[in-house]
Enquirer: 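I am attaching a structure below and will ask some questions about it afterwards.
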Amino acid sequence: MSVTTVRASSWGSLFDCAYKWEWIHILGHRSPSSGRAHLGTAIHAGTAAFDVSRMNGSNLTAYDTAEMLLHTLRNPEHDVDWRADKLTLNEAERIALPLHTRYCNEISPRYEFVAVERTAKPLDIDCGGGIVIRLTGQLDRARICKAGDGKGIADVKSGGAAVVDGIAKTKGHSPQIGTYEILEEHTTGEPCTAPAHIIGLKTRGKPETGIGEIRGAKAMMVGTEEFPGLIQIGAEMFRTGLFPPNPQSFLCSAKYCPRWSVCPYHE
Ligand code: SF4
């Protein structure tokens, strides 16, 4: 049996450029986090602290939990390359704090949370031919929310273009959300019955927040009678060891791809 562990958050990039994905996740070449990626990590730490305090009744304020945001921003756990996107720590703080406040005051109160960043039980999927895909991970940055009699995923996404015309960008997030839905059901025995929400926090220009909806994400991962799921398609790559390059990817550049200098497929 060959077991390949795939984190929920990496499924989207497997189908963007699998050749890059192999370099990072199978061959273990990681680059330092960029300033903007670290900004996202800090925003998520602050908003998660706020939501956890709502759930456990300690009811910390946006001001209290901004401490967690600033602490994370100023004390990274991994190397951060601030020069990669010409961001300074001061600018990062200036961007993050208003978004944190808007999230706490305007977005979070709309939800009743069941869990914040739940640690899921790993799930092994036997894909045949000796290939097992192990889905793992904390439901990073995701919340489980009550929705009527059921529940659904709400996933916080920050980024320069995370909100367009007042709505969170959902494109490209379905594989991750679908994996979260599979893991949540596997961990608790209860399916996610409500559509998933992406909560967008825009980190470029004027601070903006927005919500977008995703339906059918789990079906995209496991497939239906009409089409195979992405897990099955991914299993073929793991079985053959062939990870197709995608030189037309929007992220095919020296800045965004750590395989760029040794990849023969781009121009
Ligand atoms: S350089 Fe382009 S084609 Fe090559 S691995 Fe990176 S993203 Fe893929």
Side-chain angles (χ1 to χ4, degrees), residues 2-41 44 76-87 125 127 129 131-137 140-141 155-164 168-180 198 200 202-204 212 214 217 220-221 223 227-267:
S2 161
V3 179
T4 305
T5 298
V6 187
R7 287 185 69 84
S9 53
S10 84
W11 274 103
S13 55
L14 175 62
F15 294 100
D16 175 39
C17 176
Y19 197 61
K20 174 168 98 176
W21 191 93
E22 179 198 30
W23 184 251
I24 298 171
H25 298 284
I26 304 266
L27 304 176
H29 297 273
R30 288 174 193 277
S31 2
S33 186
S34 72
R36 288 207 170 264
H38 183 57
L39 166 64
T41 302
H44 290 287
E77 285 179 7
H78 307 286
D79 288 347
V80 176
D81 182 0
W82 290 99
R83 290 164 308 166
D85 35 30
K86 300 192 181 99
L87 187 70
I125 300 173
C127 301
I131 299 296
V132 171
I133 291 184
R134 178 168 295 158
L135 304 180
T136 62
D140 295 331
R141 304 179 178 184
D155 195 15
V156 178
K157 298 279 184 203
S158 59
V163 179
V164 178
K169 184 174 129 301
T170 54
K171 193 172 161 57
H173 296 319
S174 292
Q176 182 177 7
I177 295 295
T179 309
Y180 283 161
I198 299 291
K202 185 160 83 72
T203 55
R204 261 187 220 280
I214 292 183
M220 184 190 276
M221 293 307 293
F227 62 87
L230 291 180
I231 291 172
Q232 189 183 340
I233 296 171
E236 261 322 277
M237 292 189 220
F238 302 130
R239 191 180 62 75
T240 59
L242 283 175
F243 293 88
N246 177 15
Q248 291 195 324
S249 162
F250 182 61
L251 300 175
C252 181
S253 69
K255 181 171 176 185
Y256 294 115
C257 177
R259 202 168 197 174
W260 173 269
S261 64
V262 291
C263 170
Y265 302 111
H266 67 79
E267 283 146 24

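FYI, side chains are in, hydrogens and waters are out, and symmetry mates aren't considered; it's all heavy atoms of this structure. Both counts, for ligands and for their atoms, begin at 1 and track the order of listing.
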Enquirer: To the nearest 0.5 Å, tell me how far Ile214 CD1 sits from Ile177 CD1.
Expert: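 CD1 of Ile177 is found 5.0 Å from CD1 of Ile214.
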Enquirer: Between Trp21 and Phe238, is the ring centre distance below 6.0 Å?
Expert: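 Distance test on ring centres: under 6.0 Å, yes.
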Enquirer: Are there over 12 heavy-atom neighbours, none belonging to Phe15, within less than 6.0 Å of that residue's CZ?
Expert: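 Atom CZ in Phe15 is packed in, count exceeds 12.
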Enquirer: Give me the protein N, O or S atoms that fall under 2.8 Å of atom 8 (Fe) of ligand 1, sorted by chain and residue number.
Expert: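 Hits for atom 8 (Fe) of ligand 1 below 2.8 Å: Cys17 SG.
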Enquirer: Val156: which residues meet the side chain to side chain contact (heavy atoms under 4.5 Å, CB included) condition with it, sequence neighbours left out?
Expert: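 Val156: side chain to side chain contact (heavy atoms under 4.5 Å, CB included) contacts with His44, Tyr103, Arg143, Ile199, Leu201.
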Enquirer: Using the side chain to side chain contact (heavy atoms under 4.5 Å, CB included) criterion, which residues pair with Ala37? Sequence neighbours excluded.
Expert: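 Ser33, Ser34.
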Enquirer: Tell me every residue that passes salt bridge (charged side-chain N to carboxylate O under 4.0 Å, His left out) with Arg36, counting only those two or more places apart in sequence or in another chain.
Expert: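 Residues passing salt bridge (charged side-chain N to carboxylate O under 4.0 Å, His left out) with Arg36: none at all.
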